[in-house]
Participant: 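My questions will all concern the structure given below.
In what follows, every heavy atom counts, from backbone to side chain, and hydrogens, waters and symmetry copies are set aside. Order of listing sets the numbers, starting from 1, for every ligand and every atom in it.
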Amino acid sequence: MEDTYRHKGMRKRLLDEIQAKYHYAPKVIEAMYKIPRHFFLDGAFEEFAYTDKAFPIDEQQTISQPSTVAYQTHLLDISPRQHVLEIGTGSGYQAAVLAAIGARVYTVERHEQLHLKAKTIFDFLSLGSVRAFFGDGSKGLGEFAPFDRILVTAATSSVPPALLKQLIVGGKLVIPVGNTHEQKMHIITRTGNHDYETSTFGRFKFVPLLRGKNYKHPNN
Ligand code: SAH
């Protein structure tokens, strides 16, 4: 895999367009410039990496649209060295962007196949600050809690209680909540041991957050 001048040029053009339209925190756009998004799509589709569209990956899942990755990252408002849990590794792209901001990233995926593939890309990019786990992320990752930030990149009708519990006081959870057709982005701040404040933004369509694990097929 190579990141050529052509790729860098296409990436810059896309990010300039996103920035002109939405004005996200500059550190978000800088981090996205560092991560070659085409590494996270299969080779034949690399042309699609630098358009502002979601794209199918394996297991009927999708890599989120670049402007949605920028938006969720902007809302998370992370600082270097914070511990960030991501639910729904998918291609691994969002986790790589969080790492490029300097976060210590823990990312969980329920499809073993996707989990293994994302891990090879994290290794290839030498992203040592990303730790990838295979499991049901709706339970969070108790052994590494509490987290400063939690990001869910799959849609749910209700917020999993484990995620609320694993947030540090003062921490934030960003999660799309709604039905299968449409969700609103919820930002939930833990303001005290038993207190949470929620604000909601926008309209989105994510693939669903499902329960349980899905093992890799032996022939794949
Ligand atoms: N963040 C990803 C996009 C994710 S799409 C990226 O940057 O490419 C949502 C992902 O969430 C899918 O890969 C899906 O398999 C995964 N997922 C759904 N339910 C899950 C659960 N309970 N635990 C962990 N991952 C889950």
Side-chain angles (χ1 to χ4, degrees), residues 14 28 31-32 34-42 45-46 48-76 78 84-101 103 105-122 125 127 130-142 144 147 149-164 166 173-178 180 183 185 204-217 220:
L14 170 66
V28 171
M32 288 176 72
K34 287 186 197 156
I35 303 297
R37 187 168 183 263
H38 63 283
F39 285 7
F40 297 84
L41 299 178
D42 284 330
F45 302 116
E46 79 165 47
F48 296 94
Y50 298 111
T51 56
D52 193 18
K53 294 213 166 84
F55 201 79
I57 51 174
D58 297 339
E59 309 285 355
Q60 285 98 49
Q61 303 304 321
T62 53
I63 176 171
S64 303
Q65 192 174 341
S67 54
T68 302
V69 170
Y71 187 51
Q72 288 200 305
T73 311
H74 174 85
L75 291 176
L76 266 187
I78 53 180
V84 181
L85 172 64
E86 181 199 23
I87 309 304
T89 313
S91 68
Y93 176 66
Q94 170 76 71
V97 169
L98 298 174
I101 300 185
V105 184
Y106 300 78
T107 182
V108 187
E109 172 56 55
R110 65 178 290 279
H111 274 290
E112 191 176 26
Q113 168 103 11
L114 294 175
H115 157 73
L116 293 171
K117 198 165 172 181
K119 256 172 70 155
T120 62
I121 307 177
F122 299 144
L125 288 172
L127 292 173
V130 180
R131 297 175 69 174
F133 301 82
F134 167 51
D136 179 354
S138 58
K139 299 178 186 144
L141 210 55
F144 297 99
F147 297 97
R149 300 286 187 265
I150 301 178
L151 172 61
V152 181
T153 63
T156 174
S157 56
S158 62
V159 179
L163 300 185
L164 292 171
Q166 292 177 22
L173 164 64
V174 172
I175 180 168
V177 182
T180 49
Q183 305 93 40
M185 199 64 75
F204 296 86
K205 190 173 189 315
F206 283 81
V207 296
L209 185 75
L210 301 172
R211 301 292 148 129
K213 296 193 218 183
N214 201 311
Y215 289 91
K216 182 176 183 233
H217 193 278
N220 285 333

Participant: Closer than 4.0 Å to some heavy atom of L114 - which atoms of ligand 1 meet that?
Facilitator: 13 (O)
Participant: I'd like to check which ligand 1 atoms, numbered from 1 as shown, lie under 4.0 Å from a non-hydrogen atom of G135.
Facilitator: 23 (N), 24 (C)
Participant: Starting from atom 8 (O) of ligand 1, locate the nearest protein heavy atom and write down its residue, its atom name and how far away it is, to 0.1 Å.
Facilitator: S91 OG, 2.6 Å
Participant: Closer than 4.0 Å to some heavy atom of S138 - which atoms of ligand 1 meet that?
Facilitator: 22 (N)
Participant: How about F133 and F144: are their ring centres within less than 6.0 Å of each other?
Facilitator: yes
Participant: So which protein heavy atom does atom 23 (N) of ligand 1 come closest to, and at what separation?
Facilitator: G137 N, 2.7 Å
Participant: Please determine if I87 has a nitrogen or oxygen closer than 3.5 Å to a nitrogen or oxygen of ligand 1.
Facilitator: no
Participant: Within the structure provided, determine whether F122 and T89 are in side-chain contact (heavy-atom separation under 4.5 Å).
Facilitator: yes
Participant: Looking at I63, which atoms of ligand 1 are within less than 4.0 Å of one of its heavy atoms?
Facilitator: 8 (O)
Participant: Out of R110, E109, Q94, who gets a non-hydrogen atom closest to atom 15 (O) of ligand 1?
Facilitator: E109
Participant: Are V97 and ligand 1 in contact, using a heavy-atom cut-off of under 4.0 Å?
Facilitator: no
Participant: Looking at S64, which atoms of ligand 1 are within less than 4.0 Å of one of its heavy atoms?
Facilitator: 3 (C)
Participant: Between T153, L151, D136, flag the one that comes closest to atom 4 (C) of ligand 1 by a heavy atom.
Facilitator: T153
Participant: Are any of the N/O atoms on L210, whether in the backbone or the side chain, positioned under 3.5 angstrom from an N/O atom of ligand 1?
Facilitator: yes
Participant: Just wondering, do P160 and I87 contact through their side chains at under 4.5 Å, heavy atoms?
Facilitator: no
Participant: Which distance, rounded to the nearest 0.5 Å, do you find between the CG of L76 and the CD of Q94?
Facilitator: 7.0 Å
Participant: For the 3.5 Å polar cut-off, considering only N or O atoms, please tell me whether E86 and ligand 1 meet it.
Facilitator: yes
Participant: Between Q113, R211, Q61, which one has a non-hydrogen atom sitting closest to atom 14 (C) of ligand 1?
Facilitator: Q61
Participant: Any heavy-atom pair between the side chains of F206 and Q72 that's under 4.5 Å?
Facilitator: yes
Participant: N/O of G88 under 3.5 Å from N/O of ligand 1, yes or no?
Facilitator: yes
Participant: Tell me, do I63 and R37 make a side-chain contact under 4.5 Å, heavy atoms counted?
Facilitator: yes
Participant: Hey, does the Lys NZ or Arg CZ of K53 hover above the aromatic six-ring of F48, less than 6.0 Å from the centre and inside 45° of the axis?
Facilitator: no
Participant: Using the side-chain contact (heavy atoms from CB on, under 4.5 Å) rule, pick out the option among T62, T153, T180 that qualifies with V207.
Facilitator: T62
Participant: Quick one: which ligand 1 atoms are inside 4.0 Å of a heavy atom on H111?
Facilitator: 15 (O)
Participant: Need the ligand 1 atom indices (1-based, order shown) with element for anything under 4.0 Å from a heavy-atom of P208.
Facilitator: 18 (C), 19 (N)
Participant: Apply the test side-chain contact (heavy atoms from CB on, under 4.5 Å) to residues I35 and F40: give CA-CA distance (whole Å), side-chain angles for both, the deciding distance (0.1 Å), then the verdict.
Facilitator: CA-CA 10 Å; I35 303 297; F40 297 84; 3.6 Å; yes
Participant: Could you see which bit of V207 sits under 4.0 Å from ligand 1, with heavy atoms only: side chain, backbone, both or neither?
Facilitator: side chain
Participant: Between L41 and E46, is there a side-chain heavy-atom distance shorter than 4.5 Å?
Facilitator: no
Participant: Show the numbers, then the answer: is there a salt bridge (charged side-chain N to carboxylate O under 4.0 Å, His left out) between K216 and D58?
Facilitator: CA-CA 11 Å; K216 182 176 183 233; D58 297 339; over 6 Å; no
Participant: Quick check: does any side chain N or O of Y50 sit under 3.5 Å from a backbone N or O of H38, one acting as donor and the other as acceptor?
Facilitator: yes
Participant: Check A95 against ligand 1 and report side chain, backbone, both or neither, counting heavy atoms closer than 4.0 Å.
Facilitator: neither
Participant: Among T62, L209, V152, which one puts a heavy atom closest to atom 5 (S) of ligand 1?
Facilitator: T62
